Amino acid sequence: VQLQASGGGLVQPGSSLRLSCSGSGRIYSSAVMAWFRQAPGKEHEFVARIRWSTARTLYADSVKGRFTISKDSAQHTMSLQMNNLKPEDTAVYFCARGIQWSWQPADYNDWGRGTQVTVSS
């Protein structure tokens, strides 16, 4: 599955963005889909993940209450609704697919091209 993230942009603090992740093939029920982000000079940081079969979700503390991960099983797409964005959310956001219920980037086998999110006044 080749993944592609989209929906990034330049917004002011307090604004919202919705990122989407689509793939070239179907996403099987055994999959765990996740969002990671990478700020300049930093490692990939876990943002949120969702188990495809049950829609169970988990968020990083830094985004809990502001971001919502969701899936559309019929369309094999995933979204990340980001509200109340802060300058520290600025990063390239990636979607990834794996099998393990994990926060570690190494546990995800398929990665998409990222989308830039910049939060600045």
Side-chain angles (χ1 to χ4, degrees):
V1 176
Q2 289 188 326
L3 304 173
Q4 174 71 54
S6 62
L10 171 62
V11 297
Q12 294 186 336
S15 298
S16 298
L17 277 176
R18 186 176 182 87
L19 305 183
S20 295
C21 175
S22 60
S24 60
R26 64 174 296 175
I27 299 174
Y28 291 93
S29 61
S30 59
V32 175
M33 299 294 294
W35 288 97
F36 290 85
R37 64 187 182 187
Q38 186 174 30
K42 295 189 176 181
E43 300 290 326
H44 281 94
E45 177 191 10
F46 167 76
V47 175
R49 63 182 184 260
I50 186 167
R51 185 176 292 280
W52 209 251
S53 58
T54 63
R56 177 189 177 190
T57 60
L58 192 143
Y59 298 89
D61 287 343
S62 58
V63 306
K64 198 174 296 183
R66 300 188 298 122
F67 291 12
T68 302
I69 187 172
S70 62
K71 69 181 183 79
D72 184 331
S73 296
Q75 298 296 323
H76 298 286
T77 59
M78 175 178 68
S79 297
L80 185 69
Q81 177 66 42
M82 305 187 296
N83 298 329
N84 190 24
L85 283 161
K86 303 176 181 181
E88 51 263 42
D89 295 319
T90 295
V92 178
Y93 283 70
F94 299 87
C95 57
R97 183 189 73 122
I99 297 177
Q100 297 187 54
W101 187 245
S102 170
W103 59 270
Q104 298 192 69
D107 289 328
Y108 291 81
N109 301 315
D110 299 311
W111 289 76
R113 185 176 298 177
T115 184
Q116 176 71 48
V117 172
T118 303
V119 185
S120 176
S121 56

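Here the structure is a predicted model, which is why all the values come from computation and not from measurement. Any value given below was found using the heavy atoms of this structure, including those in side chains, with hydrogens, waters and symmetry copies removed.
Looking at V117 and L19, their side chains come closer than 4.5 Å, going by heavy atoms from C-beta outward. Residues T115 and R37 have side chains not in contact (no heavy-atom distance under 4.5 Å, counting atoms from C-beta outward). At least one side-chain heavy atom of L80 sits under 4.5 Å from a side-chain heavy atom of V47. Looking only at side-chain heavy atoms (C-beta outward), L17 and L85 come within less than 4.5 Å of each other. Using a 4.5 Å heavy-atom cutoff, the side chains of S70 and R18 are in contact. For the pair L3/F94, no side-chain contact is recorded, criterion being any heavy-atom separation below 4.5 Å from C-beta on. Two residues are said to be in side-chain contact when any heavy atoms from C-beta on lie closer than 4.5 Å; S62 and E45 meet this criterion.
Annotation for Q75: atom CD does not count as buried by contact number, only 12 or fewer foreign heavy atoms lying within 6.0 Å. Residue W52 qualifies as enclosed at atom CH2: its count of foreign heavy atoms under 6.0 Å is above 12.
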Walk me through whether W103 and L58 qualify under side-chain contact (heavy atoms from CB on, under 4.5 Å).
CA-CA 9 Å; W103 59 270; L58 192 143; over 6 Å; no
Evaluate side-chain contact (heavy atoms from CB on, under 4.5 Å) for M82 paired with Y93, printing each intermediate quantity in order.
CA-CA 11 Å; M82 305 187 296; Y93 283 70; 3.9 Å; yes
Please determine whether side-chain contact (heavy atoms from CB on, under 4.5 Å) holds for the pair T118 and V11, giving the CA-CA distance in whole Å, both sets of side-chain angles, and the decisive distance to 0.1 Å.
CA-CA 6 Å; T118 303; V11 297; over 6 Å; no
Does the side-chain contact (heavy atoms from CB on, under 4.5 Å) test come out yes or no for I50 and R56, once each step is laid out?
CA-CA 5 Å; I50 186 167; R56 177 189 177 190; over 6 Å; no
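Side chain of R66 to backbone of N84: a donor-acceptor contact under 3.5 angstrom is found. Using a distance-only test at 3.5 Å, with no hydrogens or angles considered, a donor-acceptor pair links the side chain of Y59 to the main chain of I69.
Using cut-offs of 30° and 60° on the angle between ring planes, the pair F36 and W111 is tilted.
Residues P13 and S121 share a closest heavy-atom pair of CD-N, 3.7 Å. Closest heavy-atom contact between A91 and A39: CB-N, 3.8 Å. In plain terms, the two heavy atoms of K71 and R51 that are nearest each other are CE-O, 4.2 Å. Annotation for D107 and S102: closest pair OD2-OG, 2.5 Å, computed over non-hydrogen atoms. Across every non-hydrogen atom of T77 and S22, the tightest pair is CG2-CB, 4.0 Å. Considering all non-hydrogen atoms of both residues, A34 and M78 come closest at O-CE, 3.6 Å.
Of the N and O atoms on the side chains of T90 and E88, not one donor lies less than 3.5 Å from an acceptor on the other residue. Counting only N and O atoms by type, the side chains of N83 and S16 include a donor and acceptor under 3.5 Å apart. Between the side chains of R113 and Q4, no donor-acceptor pair is found at a separation under 3.5 Å.
Note that the SG atom of C21 and the CG atom of D72 stand 12.5 Å from one another [nearest 0.5 Å]. The NE2 atom of H44 sits 14.0 Å away from atom CD of Q104, with the distance rounded to the nearest 0.5 Å.
Both tests do not hold together for R49 against W35: distance to the six-membered ring centre under 6.0 Å, angle to the ring axis within 45°.
Under a 4.0 Å N-O distance rule, the pair K86/D89 does not qualify as a salt bridge.
W101 and I99 are not part of a single hydrophobic cluster, where members link through side-chain heavy atoms under 4.5 Å apart.
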